[in-house]
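Owing to the predicted nature of the structure, the values given are computational and were not obtained by experimental measurement. Every number for a ligand or one of its atoms is a count from 1 in the order of the listing.
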Amino acid sequence: MNILVLHGINLNMFGKRDPKQYGTITLAEIDARVQALGRELGAAVECFQANVEGLMAERIHRAHAEGVDAVVINAGAWTHYSYGLRDALAILTCPIVEVHMSNVHAREAFRHVSVFSEIVRGQICGFGIDSYLLGLRAAVSAVQAARAG
Ligand code: DQA
């Protein structure tokens, strides 16, 4: 099972930016934890981060070509306004799980909206690194359920 974990704009700055919201864990540490859990669950996890929207769209297009089994995405602020990435994600037929480190619903009003909400399987927010780990578990379980028919 191949799972793609996508990190959007500014998420390479985890560990340095706004520790009250995001703690001090770095993106490299998040990727290591997610990949370790993937190994436990029998999934190969690839992680990708971009600060340029077009690069993220192209990675999603490639995911379609590769036939990845599921996507876990924290698109950062793009979540709240990028119809371009929403349309790119909508091309995929695999399960997509949206995750956020912080509880976006307890923050500014603009963060309460996700333009991805209609096309993702579900959303997990507010649990820090555990949002990613729970998101990965949800993605693996969705793939297993689809395979079991
Ligand atoms: C975030 C929440 C977004 O609102 C914000 O723009 C981010 C990080 C999170 O992980 O909590 O960059 O996606």
Identify all side-chain donor-acceptor contacts of residues 118-127 below 3.5 Å with residues at least two apart in sequence or on another chain.
{"from": "E118", "atom 1": "OE1", "to": "R86", "atom 2": "NH1", "distance (Å)": "2.9"}
{"from": "E118", "atom 1": "OE1", "to": "R86", "atom 2": "NH2", "distance (Å)": "3.3"}
{"from": "Q123", "atom 1": "NE2", "to": "E98", "atom 2": "OE1", "distance (Å)": "3.2"}

List of N/O pairs, ligand 1 versus protein, all under 3.5 Å?
{"from": "ligand 1", "atom 1": "4 (O)", "to": "H80", "atom 2": "NE2", "distance (Å)": "2.7"}
{"from": "ligand 1", "atom 1": "4 (O)", "to": "R111", "atom 2": "NH1", "distance (Å)": "2.9"}
{"from": "ligand 1", "atom 1": "6 (O)", "to": "A77", "atom 2": "N", "distance (Å)": "3.1"}
{"from": "ligand 1", "atom 1": "6 (O)", "to": "R111", "atom 2": "NH1", "distance (Å)": "3.0"}
{"from": "ligand 1", "atom 1": "10 (O)", "to": "N74", "atom 2": "ND2", "distance (Å)": "2.8"}
{"from": "ligand 1", "atom 1": "10 (O)", "to": "M101", "atom 2": "N", "distance (Å)": "2.8"}
{"from": "ligand 1", "atom 1": "11 (O)", "to": "M101", "atom 2": "N", "distance (Å)": "3.3"}
{"from": "ligand 1", "atom 1": "11 (O)", "to": "S102", "atom 2": "N", "distance (Å)": "2.8"}
{"from": "ligand 1", "atom 1": "11 (O)", "to": "S102", "atom 2": "OG", "distance (Å)": "2.6"}
{"from": "ligand 1", "atom 1": "12 (O)", "to": "R17", "atom 2": "NH1", "distance (Å)": "3.0"}
{"from": "ligand 1", "atom 1": "12 (O)", "to": "R17", "atom 2": "NH2", "distance (Å)": "3.2"}
{"from": "ligand 1", "atom 1": "13 (O)", "to": "N74", "atom 2": "OD1", "distance (Å)": "2.7"}
{"from": "ligand 1", "atom 1": "13 (O)", "to": "H100", "atom 2": "ND1", "distance (Å)": "2.8"}

**Message:** Under the ring-ring contact (aromatic ring centres under 6.0 Å, His included) definition, can you give me all pairs with a residue in residues 87-116, not counting sequence neighbours?
**Reply:**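 The answer is H80-F110.
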
**Message:** Going by side chain to side chain contact (heavy atoms under 4.5 Å, CB included), Y132 matches just one of D31, I30, V97. Which one?
**Reply:**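 Only one of D31, I30, V97 forms a side chain to side chain contact (heavy atoms under 4.5 Å, CB included) with Y132, namely I30.
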
**Prompt:** Residues two or more places apart in sequence or in another chain: which of them pass side chain to side chain donor-acceptor pair (under 3.5 Å) with D87?
**Reply:**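 Partners of D87 by the side chain to side chain donor-acceptor pair (under 3.5 Å) criterion come out as none, since no residue qualifies.
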
**Prompt:** Are the side chain of D69 and the backbone N or O of N2 linked by a donor-acceptor pair below 3.5 Å?
**Reply:**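 Yes; at least one donor-acceptor contact below 3.5 Å.
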
**Donor-acceptor pair between Q49 and N51 side chains, under 3.5 angstrom** =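 Yes - a donor-acceptor pair under 3.5 Å links their side chains.
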
